[in-house]
Amino acid sequence: MAYPEYRARRLRDHAIFREMIAETTLEPRRLVQPLFVKEGLDGRAPIESMPGQSQLGLDELVAEARRVCEAGVGAVLLFGIPAHKDAIGSSATDTEGIVQQAVGAIKADVPDLAVICDVCLCEYTDHGHCGVLDERLAAALARRAAYSAEAAASAAKAGSPPPKQDRTVDNDATLERLAEMAVTCAEAGADMVAPSDMMDGRVGAIRDALDAAGLEHVPIMSYAVKYASHFYGPFRDAAENPPKFGDRRGYQMDVRNGEEALREAAADLEEGADILLVKPALAYGDIIRRIKDVFGVPVAAYSVSGEYAMVEAAAARGWIDREAVINEILLGLRRAGADILVTYWAAEVAARLA
Ligand code: PBG
C-alpha cells in the first residue's frame, strides 16, 4: 500500500488513535535512581557539573531514598565516597565501610526500596583506577625505559606522537577484591550488585563468591558493555574518582566497537550475569538493540552524568524544553530495547508519571 492508499497521518491526526497504537511506554517501575553517599559529610553537597544532584551524608541519603521510593521508583544504585583511599581500595571491602553502612541504613528505614550496589574500586583507590595496579608490569616498563626514550625520540623525529604506555590494572588480583566487595555489600543487605569495573572474569568471580557465602539469591546486573566514554566527566566530580595517571582505555571498551559488545555480553552471561547493562546510553542505542535482539535477556541502559549535564545546561539557557527532551531520551532508550533505565532523572520522572 502506498500513497494515496496509505496515509500514515490517518492514525496520527486523532489523539485517541495515536495513544492506541503507541508502541513504547515509560513506567516508574523501570527506573533506577543513582545516589552518591559520602563518608563524614553532614547534610548534602551539590555537584556543580550535575545541577540538581548532590553528594549525600548518611542521614540525607536515607531521606532521599524515602523520597525516591515514594515517587514510585523501584531501586537506587549506590556509589560510596570513602574518607580513606589507598592502593588496594581497602574501604571498599570494609564491613563498616560507607556503602555497607548506607545499605543497612536504607534497608532499615525504607524496606520497600531495592538497593543495588555499584561494585568497583575506583572511588576507593588513591590512584583512581578501577582495580589494583599491576606491579609486575610497572617493573617491566621501568626496565624498558631506556628503549622507550629512544623510541620516543625517533618517533618525534618522524613527526608522530611518542609511543604511550601506562601502568595498568592487574586483572586477576582485582577479581578477588571485587568479589569481596560484592559479598560485603550483599551481606549488608544489598538486593543486587552491579560490577562496573570492566575486568575480565569478574562476573564469574563475584557469582562464585556470592554463592559460597550463601548469597545465591542475589542477582548480578553486569555493566557488560561499558565504553571508555567522555560522557563520564561530571561523574568524576561526583564520585571523586578520576584516574591520577593514564585513563581507563585498558579495560573499558573502545567507542568504535560494536561486535566486541556482543562478545562482552556473551562472556558475562556465560559467567552468570542476570541483567546486562549498556553504558553510556544516548549514543549507544544500536548496542542496546543488538544485545536485546541477540540475547533476549533483561537489558539496562545507563544514561550517564554527561548526558544529564548536557540536557540540564541547554535547558538552563532556555534552548530546549527540558521535560519533553528528558521524556524523549528515556523513550528512545526504551524503543532501542532497554527494559531498565538508570537515570539521574528517575525520581523526577516517576513523580511526573504518577
Ligand atoms: C566507575 C563508574 C563510572 C560511572 C559509573 N561507575 C565512571 C568511570 O568509569 O569513570 C559513570 C556514571 C556516570 O557518568 O553517570 N565505577
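Hydrogens, waters and symmetry mates are skipped; everything else that's a heavy atom, side chains included, is used. Indexing begins at 1, ligand by ligand and atom by atom, following the structure's order. Position 1 is the first residue of the sequence, and the numbers go up from there.
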(message) With nothing but distance in play, are any N or O atoms of Tyr223 less than 3.5 Å from an N or O of ligand 1?
(response) no
(message) On the six-membered ring of Tyr302, is Lys226 placed so that its NZ or CZ lies under 6.0 angstrom from the centre and within 45° of the ring axis?
(response) no
(message) Would you compute the distance between atom CZ of Arg335 and atom CD1 of Ile288 and round it to the nearest 0.5 angstrom?
(response) 10.5 Å
(request) Would you check the N or O atoms of Asn241, main chain and side chain alike, for any that come under 3.5 Å of an N or O of ligand 1? (result) no
(request) Would you mind listing which atoms of ligand 1 come within a distance below 4.0 Å of any non-hydrogen atom of Ser305? (result) 13 (C), 14 (O), 15 (O)
(request) Determine the sole option in Arg66, Lys38, Arg44 for which the salt bridge (charged side-chain N to carboxylate O under 4.0 Å, His left out) test with Glu60 is passed. (result) Arg44
(request) Could you list the atoms of ligand 1 found under 4.0 angstrom from a heavy atom of Cys120? (result) 16 (N)
(message) Which residue and atom name correspond to the protein heavy atom nearest atom 10 (O) of ligand 1, and how close is it?
(response) Arg236 NH2, 2.5 Å
(message) Nearest non-hydrogen contact with atom 2 (C) of ligand 1 belongs to which option: Lys226, Glu307, His129?
(response) Lys226
(request) Number the atoms of ligand 1 from 1 as they appear, then name those within less than 4.0 Å of a heavy atom of Lys279, with their elements. (result) 2 (C), 3 (C), 4 (C), 5 (C), 6 (N), 11 (C), 12 (C)
(request) Could you list the atoms of ligand 1 found under 4.0 angstrom from a heavy atom of Cys122? (result) 1 (C), 16 (N)
(request) Below 4.0 angstrom from a heavy atom of Glu123, which ligand 1 atoms are there? Numbered from 1 as shown, please. (result) 16 (N)
(message) Suppose I only count heavy atoms of Tyr344 and a 4.0 Å limit; which atoms of ligand 1 are within that range?
(response) 12 (C), 13 (C), 15 (O)
(message) Only heavy atoms of Phe79, strictly under 4.0 Å: list the atoms of ligand 1 that pass.
(response) 5 (C), 6 (N)
(request) Decide whether Phe231 and Ile47 are clustered together by the hydrophobic rule: side chain heavy atoms of Ile, Leu, Val, Met, Phe, Trp, Tyr closer than 4.5 Å, transitively. (result) yes
(request) Using a 4.0 Å heavy-atom cut-off, say whether Asp118 meets ligand 1 through its side chain, its backbone, both or neither. (result) side chain
(request) Would you tell me whether Gln55 and Glu240 have side-chain atoms, one donor and one acceptor, within less than 3.5 Å of each other? (result) yes
(message) With a cutoff of 4.0 Å, is Tyr308 in contact with ligand 1, counting heavy atoms of the residue only?
(response) no
(message) Please determine whether a side-chain nitrogen of the Lys or Arg among Glu70 and Arg67 lies less than 4.0 Å from a carboxylate oxygen of the Asp or Glu.
(response) no
(request) Tell me yes or no: between the side chains of Glu312 and Trp345, is some donor less than 3.5 Å from an acceptor? (result) yes
(request) Would you check if there is a donor-acceptor pair between the side chains of Asn171 and Tyr251 at a distance under 3.5 Å? (result) no
